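In what follows, a single structure is set out as structure tokens and then discussed.
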Amino acid sequence: MSSIDNDDLIDDSDDGAGAPKVPLSQRAMGAALGARSAPYMDGLNPAQREAVETLNGPVLMLAGAGTGKTKALTTRIAHLLTTGSARTNEILAVTFTNKAAREMKERVAGLLGQTVEGMPWMGTFHSICVKLLRRHAELVGLKTNFTILDTDDQIRLMKQLIAANNIDEKRWPARLLSGVIDNWKNRAWTPETLPSSEAQAFNGRGPELYTQYQDRLKTLNACDFGDLLLHMVTIFQQHDDILAKYQSWFRYILVDEYQDTNVAQYLWLRLLAAGHKNICCVGDDDQSIYGWRGAEVGNILRFEKDFPGAKVVRLEQNYRSTAHILAAASGVIAGNADRLGKELWTEAEGGEKVRLIGHWDGDEEARWVGEEIEAMQSGTRGMAPKSLDDMAILVRASHQMRAFEDRFLTIGLPYRVIGGPRFYERLEIRDAMAYFRLAVSQDDDLAFERIVNTPRRGLGDKAVQTIQMLARTNGVSLVEGARIAVESGAIKGKGGKGLAELVGNLDRWFNQLRAEADTHIEMAEMILEESGYTTMWLNDKTPEAPGRLENLKELVKALESFENLQGFLEHVSLIMDNDTDDAEEKVTIMTLHGAKGLEFPAVFLPGWEDGLFPSQRSMDESGLKGLEEERRLAYVGITRAEEVCTISFAANRRVYGQWQSQLPSRFVDELPEDHVEVLTAPGLYGGGYGGMSGDFGGQSPLEDKASRADAYNSPGWKRMQAQGALRSKPSPNEAKGLVIDATAVSSFTQGDRVFHTKFGYGTVMGIEGDKLDIEFDKAGAKKVVSKFIVPAAQAGDVPF
DNA sequence: AGCCTCCTAATTTTT
DNA sequence: TTAGGAGGCT
């Protein structure tokens, strides 16, 4: 059972792609000596080149934000292949996200000028582990066709366990248990190796529940995400022969985002690399923001100790942001101890300072950001007009998005929210998937429980309990239990009829699927139809129903790229993509976490207030470590910006319905003064609001002046005012000559045909000062400053 | 079985 | 404030 032949490793049925017909290495061997001049090396800076060319031995590539780490990583792979150091299927390249893996594949292909079909071991930790685990499943008590549970299934299982153990779910919720167990798995602790220090977890019941949970998974022939890694680590640790085989097979190992690895992933990598130690880890300790999920910054900090003699290459030249933005980011991150230390620099000159602005409350902040975005879009800010696609609002917590959504809805500014529930996490998708899972395997008890009464079949708690009892006493699956219930007439009336129909359907689907697996798309549609699931949503009058039906259609469409249902189900649990690339230009709203790895010309960072960012909870729970992670989050946020970075905070914010006065974030204080421009909001520094307290009436966020005064007396606030006071009264934009001279206003009149570089041709509908209301032929109605408008005739337009 | 009302908790979420 | 879950009522 532990014999693996190499064909096994070359095979890549999971990816639908076999080993390349002609290994790249053979083709390219001759290029080894000439690698220095290989075209794919063009444009690498010395550090990148070093990271690419140091093929053997451990390498730590410390790649700061925007320093071209993907370029270095992919070029390194191209180099490995071209020099004949490894064949495509001998390189293990691990990422965290499918997106990153895809991008890497594409770019390697691009570098080599051909598609790289044969890189079966380039993928996420999880997808690679699934592949491995399917080969060795029996070693951890699973069958090779085990299913992968998602979080929802996990929680439902835990709920059952908690109830079975007579634990008060109110005081000890399933989510908590799930978190505890996840944590243990992240640290590679099995029920057997769980240290005694954890004995008190979950009211002292944690360890036993962990054991029960794992047993339950085994009987279900299932595992959760954490198990994928954990099982492989266990297998590697207990079976030297298997480990040895993979150690020699994977001749080179590359790891992306190494700072985000948890203990299990770290052990997995260390085991695999122990032989040749040809491991190249890429990461940035300053961008470690997933500690709460088990990531250990320590892994990257310790690399040189783990791999003595490791070559450390620092990528510090930044190709993304202006010098001011980099300096601001550096200034903030300097507050962290225990860094490996990097200093980003750029050849780029000029650029705006990071802009800082305070607001009265969250609504005003949203209003201001909206106006600012419109100004940038039309070019009013004195820069070239920007597309909405080039702007992003990055928030600490998703509830902050709402204020912006509300505001943008009001002013009709198109936006796109990234995050939220993923496609495969939606209720209707999970339900449909449960039907598919049952059609493939009737042993899937969790799937059965999920859909047994969806749509309603008159099967309530009591009926389900009967089925469960029958299944347990006969030692069979729930579907079998249901069959017994039907045959014995244990469930009567409407429910009995409904159950009989369901069982009959399941059998029919199962048989038909076996007979004609290739008609899986029609089958899927049929299953949803015959089960009554589609009808259920058709009859549903709630506003979500049409969207859900739409999603179901999407799901069926997604089947097209798979050969059968089985294959689809195997992959889908690992693919949580939902890239919706709509054509319309939109502002992006997302969390800071979600923005890692992305970049935007203009970035807004609102809500920089102590308690919100850095988050109070983070600091309460993890103390200094938590604060440092928040600071790295700030660093990530600032370094997303290419040209303009705007940080803002509000003096008052509604928190859980209660108005609270907020202090500017301590990170505001940490921004280096020389690289920050304080924008004076008219309402705050001009004293506008101060004299109008009465106007707030009952609406006033703060009723008494004393507490408001407190808000203005915080260290951060004082510092703000001090900075503001250093500036002479004219607004910063005026000082820079960016304000448009109103006297220069145009000679346009209503009805004129005009041209705008971004929006194209249009007709002037109205005039307000220096702003023109223009109805653009393509872009619709826009307010644009006349400075950016030329008469259409000059641009060669043919008037109608 | 399904609706309604009360209670409680409330970050971040690559797979 | 609000959303989701649990428990009670019809």
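Computed from a predicted model, the values in this text were never measured in an experiment. By convention in this document, chain letters (A, B, ...) are assigned in the order of the sequence lines, proteins followed by strands, and residues within each chain are numbered from 1. Computation of the quantities below employed the complete heavy-atom set of this structure, encompassing side-chain atoms and omitting hydrogens, waters and symmetry-equivalent molecules.
- If A:Leu228 and A:Arg617 are placed on DNA chain B by their nearest nucleotide, the residue sitting closer to the 5' end is A:Arg617.
- With DNA chain B read from its 5' end, the first of the two nearest nucleotides for A:Lys462 and A:Ser615 is the one closest to A:Lys462.
- Nucleotide B:dA10 holds its P atom 10 Å from the CZ atom of A:Arg175, rounded to whole Å.
- In the set B:dA1, B:dT11, B:dT15, B:dT15 carries the atom at the smallest distance from any side-chain atom of A:Phe225.
- Closest contact between the side chain of A:Arg402 and the listed nucleotides B:dT11, C:dT2, B:dT13 involves C:dT2.
- Among the protein residues, A:Glu621 comes within range of the nucleic acid bases, having at least one heavy atom under 4.0 Å from a base atom.
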For A:His359 and A:Glu364, run side-chain hydrogen bond (donor to acceptor under 3.5 Å, both in side chains): C-alpha distance rounded to whole Å, both residues' side-chain angles, the deciding distance at 0.1 Å, then the answer.
-> CA-CA 6 Å; A:His359 299 284; A:Glu364 193 198 290; 3.2 Å; yes
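- In this structure, A:Phe125 reaches neither bases nor backbone, as no heavy-atom distance under 4.0 Å exists between it and the strands shown.
- One atom, NE2 of A:His231, and another, C1' of B:dT15, lie 15 Å apart when rounded to the nearest Å.
- For a distance-only test at 3.5 Å, the side chain of A:Arg396 qualifies as a donor-acceptor partner of the base of B:dT12.
- A salt bridge between A:Asp363 and A:Arg407 is absent, with no side-chain N of the basic residue lying under 4.0 Å from a carboxylate O of the acidic one.
- Using a 4.0 Å heavy-atom criterion, one finds that A:Lys159 contacts the sugar-phosphate atoms exclusively.
- At whole-Å resolution of the value, NE2 in A:His399 and C1' in B:dT12 are 11 Å apart.
- Atom C1' of nucleotide B:dT15 and atom CG of A:Leu569 are separated by 17 Å, given to the nearest angstrom.
- Rounded to whole Å, atom P of B:dT15 lies 13 Å from atom CG of A:Asp256.
- Whole-Å rounding puts the A:Phe423 CZ to B:dT15 C1' distance at 17 Å.
- Ranking B:dT11, C:dT1, C:dG7 by closeness to the A:Ser618 side chain, first place goes to B:dT11.
- Here A:Ser127 does not reach the OP1 or OP2 of B:dT15: none of its side-chain N or O atoms lies under 4.0 Å away.
- One distance of note links OG1 of A:Thr67 with CG of A:Asp284; it measures 7.5 Å at 0.5 Å rounding.
- Aromatic ring centroids of A:Trp292 and A:His593 lie under 6.0 Å apart.
- Look at CD on A:Glu169: it is 6 Å from P on C:dA6, rounded to the nearest Å.
- Between A:Thr591 and B:dT11 there is no side-chain polar atom (N or O) within less than 4.0 angstrom of OP1 or OP2.
- The side chain of A:Ala397 approaches B:dT11 more closely than any other nucleotide in the set C:dA6, B:dT15, B:dT11.
- Heavy atoms of A:Leu229 sit nowhere under 4.0 angstrom from any nucleic acid atom.
- For A:His126 and B:dT13, the NE2 to P distance is 16 Å, given to the nearest whole Å.
- Using a 4.0 Å cut-off between charged side-chain N and carboxylate O, A:Lys596 and A:Glu257 make a salt bridge.
- A:Gln400 comes within 4.0 angstrom of nothing in the nucleic acid, heavy atoms only.
- Salt-bridge formation is not detected for the pair A:Asp285/A:Arg632: no Lys NZ or Arg NE/NH1/NH2 atom is positioned less than 4.0 Å from an Asp or Glu carboxylate oxygen.
- Stacking between A:Trp292 and B:dT12 is shown: the ring centroid lies under 5.5 Å from the centre of the six-membered base ring, and the planes differ by under 30°.
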